[in-house]
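Below is one structure, written out as structure tokens; comments come after it.
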Amino acid sequence: MATTPSSTPPGLPAWRSLLRRMDWRMLTAPILVVLILMMLVVPLPTVLLDMLFTFNIVLSLIIMLVTLYLTRPLDFSAFPTALLFTTLLRLSLNVAASRVILLHGQNGEGAAGAVIESFGKFVVGGNYAVGIIVFAILVVINFVVITKGAGRIAEVSARFTLDAMPGKQMAIDADLNAGLIDQEEARKRRADVAQEADVYGAMDGASKFVRGDAVAAILILFINLIGGLIIGVFMHGLSVGDAAQNYTLLSIGDALVSQIPALVISMAAGIVISNVTTGQDVGRQLVSQLFTHPRVLAITAGILGLIGLVPGMPHLAFLGAAAVLGGVLWWQHKRQQATAAQAQAAPEAAAPAEPEEVSWEQIEPVDTLSLDVGYRLIPLVDRNQGGELLGRIRGVRKKFAQEMGFLVASVHIRDNLELRPGGYRIALKGVDIGSGDIFPDLLMAINPGQVMGELQGTPTKDPAFGLPAVWVNKELRDRAQTLGYTVVDPSTVLATHLHHLLQTHAAELLGREEVEGLLAHLSKRSPKLVEDLVPKLISADRLRKVLQNLLTEGVPIRDMRTIAEVLAEHAGQVNDTDELTARVRLALGAYIVQSLSPNGQELSAAVLDGQLEQILLSSLRADPQQAAVEPGLAQRLMDKARDLMQRMEAQGATGVLLVSAPLRQFLARLLARSAPRLRVLSYAEIPDQKQVKVTATLGA
């Protein structure tokens with residue numbers, strides 16, 4: 001079927017679509033700048049000049065009315081820019097009008113257009129002497145009174161606003177810490193504070209535009225007067241009187257038609273600067289604060305009435321003003337009576353509602369992991385302020401999952417005004433497990449034990465491992481590293497402490513939800529193994545207990561497949577959880593030893609004194625569930641184990657104690673508090689090919 005070709009040229013619909021999508025407000029400033037430049041260099045016809053003068057008056061009135069209805073200066077943050085553009089527009093109009101006046105002023109009062117002619121005739125009555133006086137008065141009002149006062153207010157406001165910025169920022173942080181506002185509201189308030197400082201600072205400079213405009217208006221007026229007289233007399237052959245009449249009225253008309261909008265803009269600037277932010281526009285503020293005091297109105301009406309009764313005074317004016325104020329007082333009195341009557345007629349206030357019944361929704365769950373910070377540490381967790389702590393905590397959780405084999409719950413971070421400004425507190429299921437103090441603007445220089453000098457700073461201790469450290473300025477980083485210190489930033493200090501606490505409390509972090517996650521992850525690779533193990537051979541709770549036993553002794557559970565296979569083999573015959581844990585440890589022996597002596601190195605370890613081992617074995621045979629050890633012997637054993645752990649760590653080795661299999665679990669639990677980093681292994685857990693070097697003997 002034939003089709004009629006479209007008459008629309010190809011590409012036109014695309015242009016129309018582009019024009020529809022274009023925001024024409026983007027072109028406002030470029031068009032205005034081009035218009036100003038054009039008026040400076042291109043002669044304009046009088047019709048266009050009249051239109052531009054009218055546009056200037058309309059624009060100034062719009063700006064004036066906008067300022068009257070402002071509730072706060074930030075609502076018109078573009079005012080300094082508008083002040084600059086209107087000043088340039090007036091000056092360019094003065095230049096364009098001066099060109100027309102000097103070129104065609106000999107043709108009479110209408111040579112520069114109808115607007116200038118009207119202002120020259122109507123406003124000053126066609127008398128150039130009166131015009132000069134009126135113009136001088138307007139300049140004095142604008143330059144001396146309004147502009148000077150507004151400039152002084154702008155200068156003081158800018159200074160006070162900048163001085164108040166830290167206090168406002170602290171108030172916002174305090175509200176955020178108290179939970180009165182959220183992060184989004186705090187961010188918005190901080191932006192408002194910064195924008196307020198920018199606006200007042202810009203107004204302080206923009207007020208100079210108006211003052212310069214007034215000076216330029218005076219100079220342009222005298223240039224037009226003198227230049228017009230010279231051109232009219234010497235070039236066009238006019239008499240001095242005719243030249244003075246024509247050019248003076250035209251110059252006065254041009255000056256007035258520019259100075260009146262300038263006066264309006266100056267008033268607008270004064271209103272914006274002097275407006276106190278109360279949530280109301282200027283008119284409401286004036287009415288609500290001037291005419292709401294009946295006693296003031298009554299006294300004023302009485303004084304006007306007395307003056308009106310004095311012989312020789314204008315009775316009508318004063319008595320009329322007193323009558324108007326009396327009418328206002330009467331109206332306010334009637335309004336108050338009506339309000340009181342409505343309040344009496346209103347029903348009595350309803351009884352307070354019954355308190356809401358307590359429900360389960362009102363009980364907030366306890367966070368598995370929580371981090372409370374003081375208000376000075378908020379920048380560390382605020383990305384907008386360059387805080388890196390959130391990223392560090394995510395890295396800690398990832399590293400912990402890779403090391404220990406399961407993913408811990410997210411850390412709930414909140415501010416706490418009860419803490420010290422630089423303090424923090426880490427809690428596990430609502431119970432504090434660690435705390436410390438950090439300085440967000442300093443660096444921590446940790447002494448690993450072999451430094452070559454001292455640093456000036458605030459002495460402290462590394463919260464994770466208790467090593468001596470110093471808080472130093474950032475400028476001392478290079479010097480501290482040269483002396484052998486380990487230098488870390490505050491976020492790293494807190495993240496390291498958190499990682500250490502996670503490793504220490506790994507068993508408590510493993511709950512039923514984490515076990516279900518481990519089984520779900522394992523079932524993706526070995527679905528049949530998981531199906532046969534839980535719950536056929538072992539319950540989820542018994543499995544969790546075995547895994548917690550491993551984590552308590554520092555054994556990662558990354559190799560869940562091996563753990564599951566051992567449990568599947570023995571869980572049907574062995575009911576004791578500790579015995580199941582021991583058999584899992586035997587299967588993981590190579591992995592455990594490798595973590596203690598990486599890169600194939602020989603394992604440095606301590607062994608029990610033979611006599612002490614016999615005593616402990618005898619006690620264990622007497623009571624297989626719990627060895628009965630004399631309290632004094634147990635205390636000496638714990639003290640010796642602590643000293644042994646410290647000596648081995650000082651030599652750069654991990655503290656390892658080798659014992660016989662029956663004693664391993666008992667000694668591991670006995671020495672857990674006094675020597676938490678001393679790993680107790682049984683001889684059976686050491687692979688046959690592993691070389692062991694006995695470096696010490698533990699005896700009591």
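What's counted below: heavy atoms across the whole structure, side chains too, no hydrogens, waters or symmetry copies. Since we're looking at a predicted model, the values are computed, not measured.
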Do the side-chain N and O atoms of [X] and [Y] include a donor-acceptor pair separated by under 3.5 angstrom?
X: Asp559; Y: Thr562; answer: yes
X: Asn549; Y: Glu553; answer: no
X: Thr581; Y: Lys545; answer: no
X: Thr654; Y: Arg679; answer: no
X: Glu403; Y: Gln503; answer: yes

Quick test of your reading of the model: are [X] and [Y] salt-bridged, counting only N-O distances below 4.0 Å?
X: Arg583; Y: Asp576; value: no
X: Asp643; Y: Lys640; value: no
X: Asp639; Y: Arg636; value: no
X: Glu649; Y: Arg677; value: yes
X: Asp489; Y: Arg477; value: no

Side chains of Ser597 and Lys690 in contact at under 4.5 Å (non-hydrogen atoms):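 Touching, per the 4.5 Å side-chain cut-off.
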Atom OG in Ser660, atom CG in Leu608: separation rounded to 0.5 Å?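 Taking OG in Ser660 and CG in Leu608, the distance rounds to 7.5 Å.
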I need the Thr697 OG1 to Leu644 CG distance, nearest 0.5 Å.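 Between atom OG1 of Thr697 and atom CG of Leu644 there are 9.0 Å.
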Apply the test side chain to side chain contact (heavy atoms under 4.5 Å, CB included) to residues Arg425 and Asn416: give CA-CA distance (whole Å), side-chain angles for both, the deciding distance (0.1 Å), then the verdict. CA-CA 9 Å; Arg425 182 171 61 202; Asn416 191 337; 3.0 Å; yes
For His521 together with Phe406, are the ring centres under 6.0 Å from each other?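 No, too far apart.
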If you draw a 6.0 Å radius around CD in Glu602, do more than 12 non-hydrogen atoms from other residues or ligands fall strictly inside?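 Yes - once you tally the heavy atoms of other residues, nucleotides and ligands closer than 6.0 Å, there are more than 12.
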Do other residues, nucleotides or ligands put more than 12 heavy atoms under 6.0 Å from Lys461 NZ?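 No.
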